[in-house]
Amino acid sequence: MIIRLQSEDFDPEREAQMLDVKGAGARVSFVGTVRDSARDRTITALEIEHYPQMTRAELARIGAAAQSRHNLQEVLIIHRHGRLACHERIVLVTVWSAHRAEAFAGCQAIVDALKTRAPFWKKEISPEGALWVPGQTPQDLG
Amino acid sequence: MIIRLQSEDFDPEREAQMLDVKGAGARVSFVGTVRDSARDRTITALEIEHYPQMTRAELARIGAAAQSRHNLQEVLIIHRHGRLACHERIVLVTVWSAHRAEAFAGCQAIVDALKTRAPFWKKEISPEGALWVPGQTPQDLG
Amino acid sequence: MITVRCFAAVREILGWDTRELAPTDAPRRASDVLSALAGPRAADLPKPLLVAINCEHASLASLVRDGDEVAFFPPVSGG
Amino acid sequence: MITVRCFAAVREILGWDTRELAPTDAPRRASDVLSALAGPRAADLPKPLLVAINCEHASLASLVRDGDEVAFFPPVSGG
């Protein structure tokens with residue numbers, strides 16, 4: 001399992017190739033990018049704050065839980081922080097499995113968990129001003 | 001929507017970049033590769049036969065159905081045919097959507113439909129001989 | 001004419017991939033077309049047998065018209 | 001000592017990101033730690049307020065011990 005937190009951009013295919021997973025059969029990837037509008041406002045940039053030590057620990061827990069539950073051969077998570085312009089990549093989640101159903105379920109479980117458990121906070125920068133993106137409140141934290 | 005049938009390999013990221021979809025927010029990709037074993041046999045290669053005119057038409061129908069049902073901004077399907085060595089890429093399905101749940105559902109719907117509706121047949125080549133991969137029989141064809 | 005095509009194990013069992021069949025006055029179903037060309041070998045074909053008419057999924061009971069392309073093949077395994 | 005950290009809107013409202021708090025003899029919950037440092041401003045904080053202790057999700061009712069790092073932040077939005 002590879003977990004990376006960084007401010008720089010990444011090449012999704014190159015990162016996946018570097019893991020060199022053989023014989024998995026199915027690979028599912030999610031790439032999230034900065035949208036150019038949200039809540040009826042034009043977005044020019046996104047500022048992503050995070051809690052570095054906890055982010056690393058929480059992503060490792062999220063990845064490990066999905067890996068065992070969905071029978072994944074390998075998991076790659078790269079999440080950026082800092083200021084990102086619109087259309088830039090924010091996050092990559094790639095998983096490998098023998099079968100497609102497990103790969104889809106495992107990748108989606110990780111992306112869903114990022115939204116509710118990973119300590120990132122996003123501020124949308126628009127010509128009208130900056131606004132924190134409302135986070136999701138899961139029922140089962142703690 | 002881009003549908004491609006080819007014998008050559010492809011670079012998943014390069015193909016996705018060429019479509020240059022902006023502001024989608026979520027992109028989900030599936031890459032299927034030739035496994036090195038199946039049904040307790042070592043697989044050295046896969047021979048993929050298809051029905052070219054129908055394949056093209058059926059992939060376009062599958063892509064269009066997922067695009068409208070799951071609100072996808074763009075759909076890319078590349079499927080190879082001919083003889084592929086083990087670990088080679090077979091298929092790429094990439095979809096773009098404003099939201100992650102639609103992107104996951106749309107990509108999975110296309111991959112599932114490929115399995116049951118797209119006229120491809122696979123022959124697994126192993127040291128013990130060649131064997132047709134049993135296809136799936138959907139209830140709703142025709 | 002009706003163009004008949006076979007794929008994968010169906011092609012291997014019947015020993016050909018494309019045939020032409022003269023149309024008849026009476027309407028024919030895909031199953032009639034298969035019987036006319038496969039003869040006794042029809043019994044050896046994989047089950048279920050899938051059918052397409054003019055590149056769309058159909059069934060053995062579907063009617064085949066002059067000018068149609070009808071295809072017979074085993075369950076598919078794309079992706 | 002107990003290390004207390006705040007993030008995002010919580011940090012902006014309280015005006016600091018890290019504080020140290022001397023431990024007490026009586027056990028304290030995360031909510032007590034917050035009251036000790038936020039004072040009346042605790043009422044302005046976003047609800048729900050999330051809590052982590054030693055980099056794991058916890059709750060306002062969780063006990064905080066000497067040497068712990070406790071963090072307060074709004075609901076997250078990763079991915």
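Lettering follows sequence order; numbering is per chain, from 1.
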Colleague: Heavy-atom count check: over 12 atoms from other residues, nucleotides or ligands less than 6.0 Å from A:R41 CZ?
Modeller: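 Enclosed.
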Colleague: With a 4.5 Å heavy-atom cut-off (strictly below), which parts of residues 24-33 of chain A touch chain B? List them by number.
Modeller: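 When heavy atoms of chain B are the reference, residues 24-33 of chain A contributes A:A24, A:G25, A:A26, A:R27, A:V28, A:S29, A:F30, A:V31, A:G32, A:T33 within the under-4.5 Å range.
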Colleague: Who wins among B:R35, B:R100, B:K115 for the most heavy-atom pairs under 4.5 Å with chain A?
Modeller: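 Looking at each of B:R35, B:R100, B:K115 in turn, B:R100 comes out on top.
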Colleague: Look at B:R89 together with A:E13 and state whether they make a salt bridge at an N to O cut-off of under 4.0 Å.
Modeller: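 The answer is yes: the pair qualifies as a salt bridge.
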Colleague: Given a strict heavy-atom distance threshold of 4.5 Å, which part of B:D112 is in contact with chain A: side chain, backbone, both, or neither?
Modeller: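 The answer is both parts of B:D112.
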Colleague: Checking B:R14 against chain A: side chain, backbone, both or neither under 4.5 Å from a heavy atom?
Modeller: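 Neither; nothing under 4.5 Å.
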Colleague: Please identify, among B:I90, B:D36, B:V21, the residue contributing the most non-hydrogen atom pairs under 4.5 Å to chain A.
Modeller: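 Most pairs with chain A among the choices: B:D36.
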